[in-house]
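Labels below follow one simple rule: chain letters A, B, ... track the order of the sequence lines, proteins then strands, and each chain is numbered from 1. Please read all numbers here as calculations on a predicted model, not as lab measurements.
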Number of protein chains: 2
Amino acid sequence: MVTSTTLQRAKRADALRNYEQILTVAKEAFAEDGPDASLEEIARRAGVGVGTLYRHFPTRFALQEAVLRDGIEELAAKADELLDAPSPGEALAQWLRAQLLNDSRNHGLGAAVVASMPEWNNSGSCQRMTASAAALLARAQAAGEVRSDIDAPSLLHLVHGIALAHQHAPDTVRAEKLLAIMLDGLRP
Amino acid sequence: MVTSTTLQRAKRADALRNYEQILTVAKEAFAEDGPDASLEEIARRAGVGVGTLYRHFPTRFALQEAVLRDGIEELAAKADELLDAPSPGEALAQWLRAQLLNDSRNHGLGAAVVASMPEWNNSGSCQRMTASAAALLARAQAAGEVRSDIDAPSLLHLVHGIALAHQHAPDTVRAEKLLAIMLDGLRP
DNA sequence: ACCTGAACACCGTTCAAGT
DNA sequence: ACCTGAACACCGTTCAAGT
């Protein structure tokens, strides 16, 4: 797995330390205070000047995307694995459940970013998730296990919608039941 | 129809005028700038001191709920009508479509409030919508047109999730297609 | 190169003073 | 009763000065 760390190239040691520290603190802050958590406080808690935070993450969205990156890499990897699974329909269902789980793991940050950050649609993360979803979906449709009149973006919208609707009452059971209902609706 | 105006009792004329003016401006502001629109600017554009805004609407949520109130009254009324419609399943579907339409009419404010304001669940508006949904749902379930293992809050969560996922690309066609898929999933 | 923190503009919220 | 707007605290963002 390629982590954000290994992607850093030739940074000074202190810069790298700061980068990681900001990321760690940001993860906590977003979980506690939501997607609008104070950047100033994140910098403070990371023991870093605000300017340093802005240097590493020029926009709030950049920081949010960085926080989400690990989970997204994992989901992409999981999608690749699932492309070899025996039942294409079940593989898709499993991956969508993983999406839901990931959304709840980061306390709804993912879903919130998708819904309220216009930049999301043009981000690499979005393209990556859409590509994974499209591959799994195409296979399930080719196998006749999923109706053909739905596309990958719609599918992701639905899952994130379910996640969003539960971000303030993170009832995993209920969320998974809604996903099950949605999956029933996906049958041809 | 009972409007918010007729609910005001014995206010001074200028107070009432201010109340209405703030509401009008807030509606525009939320549509333009989203649910976090500046309260200060709303007051300014309404030609009113900030204190006056706070007097009428002690919290941001109070103002948001007031902006949404008319649409909610309409939906509640529509639900009452639809309880007499011939097909219980179709009546439910129609009402859910109206929910979606209402969400897009106020530029996603409704869905955003539902998702990001913890106060929502305890609000009268929420109880009202849940009651309407429950009545239509119960009838559809009794008629055997909708599966019995879903409840009204889940149903509303799903619809608002769909609306939320589209608030930054308000593609009505796509949203309605997702709703149709969800409705398919609701069949017994 | 990278970091710091002061500086500026802006917003949320309260409250003393006004009518 | 209701309104106003100044006052305070806080945050986002930039940028000159430092290492």
Side-chain angles (χ1 to χ4, degrees), chain A residues 4-5 7-67 109 112-113 116-119, chain B residues 4-5 7-67 109 112-113 116-119:
Chain A
S4 49
T5 311
L7 282 174
Q8 298 306 319
R9 36 172 83 248
K11 270 197 182 170
R12 252 169 42 179
D14 56 341
L16 207 146
R17 224 177 25 243
N18 283 339
Y19 180 94
E20 298 293 349
Q21 186 59 19
I22 292 169
L23 214 50
T24 305
V25 172
K27 209 169 292 197
E28 295 168 14
F30 286 138
E32 284 170 31
D33 306 331
D36 298 325
S38 159
L39 298 183
E40 228 176 23
E41 200 193 324
I42 290 176
R44 200 165 46 239
R45 294 208 318 219
V48 139
V50 239
T52 304
L53 187 151
Y54 277 90
R55 163 169 278 266
H56 287 295
F57 307 99
T59 65
R60 161 172 248 111
F61 176 68
L63 181 56
Q64 293 171 329
E65 200 189 354
V67 165
L109 178 66
V113 167
S116 65
M117 293 277 142
E119 304 94 313
Chain B
S4 50
T5 309
L7 285 174
Q8 299 305 320
R9 37 172 81 247
K11 271 196 179 167
R12 253 169 43 180
D14 56 342
L16 207 145
R17 221 176 27 243
N18 284 340
Y19 180 94
E20 298 294 348
Q21 186 58 21
I22 292 170
L23 215 49
T24 305
V25 172
K27 208 169 291 199
E28 295 169 13
F30 286 138
E32 284 170 30
D33 306 332
D36 299 325
S38 159
L39 299 182
E40 227 176 22
E41 201 193 324
I42 290 175
R44 200 165 47 239
R45 294 211 314 220
V48 140
V50 239
T52 303
L53 187 151
Y54 276 91
R55 162 170 278 266
H56 287 294
F57 308 99
T59 66
R60 161 172 247 111
F61 177 68
L63 181 55
Q64 293 171 329
E65 201 189 352
V67 166
L109 178 66
V113 166
S116 63
M117 295 277 142
E119 305 94 312

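Between the P atom of C:dC11 and the CG atom of A:D36 lies a distance of 15 Å, rounded to the nearest Å. Separating the CZ atom of B:R44 from the P atom of D:dC3 is a distance of 19 Å, rounded to the nearest angstrom. What separates CD1 of A:I22 from C1' of C:dC2 is a distance of 12 Å, to the nearest Å. Distance, B:R55 CZ to D:dG5 C1': 15 Å, rounded to whole Å. Atom CZ of B:F57 and atom P of D:dC2 are 13 Å apart (whole Å). Distance B:I42 CD1 to C:dC10 C1': 15 Å, rounded to the nearest Å. Following rounding to the nearest Å, A:E41 (CD) and D:dC11 (P) show an atom-to-atom distance of 7 Å. Remark: P of D:dC3 and CG of B:L16 are 10 Å apart, rounded to the nearest angstrom.
Looking at every heavy atom in both residues, A:P35 comes nearest to A:F30 through O-CE2, 3.5 Å. What you find for A:H56 and A:N18 is that their closest heavy atoms are NE2-CB, 4.2 Å. In plain terms, the two heavy atoms of B:V50 and B:A43 that are nearest each other are CA-CB, 3.9 Å. Among all heavy-atom pairs drawn from B:L53 and B:I22, the shortest one is CA-CD1, 3.8 Å. B:A62 and B:P58 get closest at one heavy-atom pair: CB-CD, 4.0 Å.
DNA chain C forms stems at C:4-8 with D:12-16, C:12-16 with D:4-8, each a run of 3 or more consecutive Watson-Crick or G-U wobble pairs whose two key distances fall under 3.5 Å.
Note that CD of A:Q21 is 9.5 Å distant from CZ of A:R17, once rounded to the nearest 0.5 Å. Between the OG1 atom in B:T24 and the CD1 atom in B:I42 there is a gap of 11.5 Å [rounded to 0.5 Å].
Taking 4.0 angstrom as the limit, B:S38 places a side-chain polar atom (N or O) nearer than this to OP1 or OP2 of C:dG12. For C:dC2, neither phosphate oxygen OP1 nor OP2 lies less than 4.0 angstrom from any side-chain nitrogen or oxygen of A:N18.
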Derivation and outcome, side-chain contact (heavy atoms from CB on, under 4.5 Å), residues A:V25 and A:V48:
CA-CA 11 Å; A:V25 172; A:V48 139; over 6 Å; no
Dump the pairs, protein N or O against N or O of nucleotides 13-19 of chain C, anything under 3.5 Å, distances to one decimal.
{"from": "C:dT13", "atom 1": "OP2", "to": "B:Y54", "atom 2": "OH", "distance (Å)": "2.7"}
{"from": "C:dT13", "atom 1": "O5'", "to": "B:Y54", "atom 2": "OH", "distance (Å)": "3.4"}

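Which of C:dG12, D:dT4, C:dC3 sits closest to the side chain of A:H56 comes down to C:dC3.
The salt bridge (Lys or Arg N to Asp or Glu O under 4.0 Å) check on A:E41 picks up A:R45, with sequence neighbours excluded.
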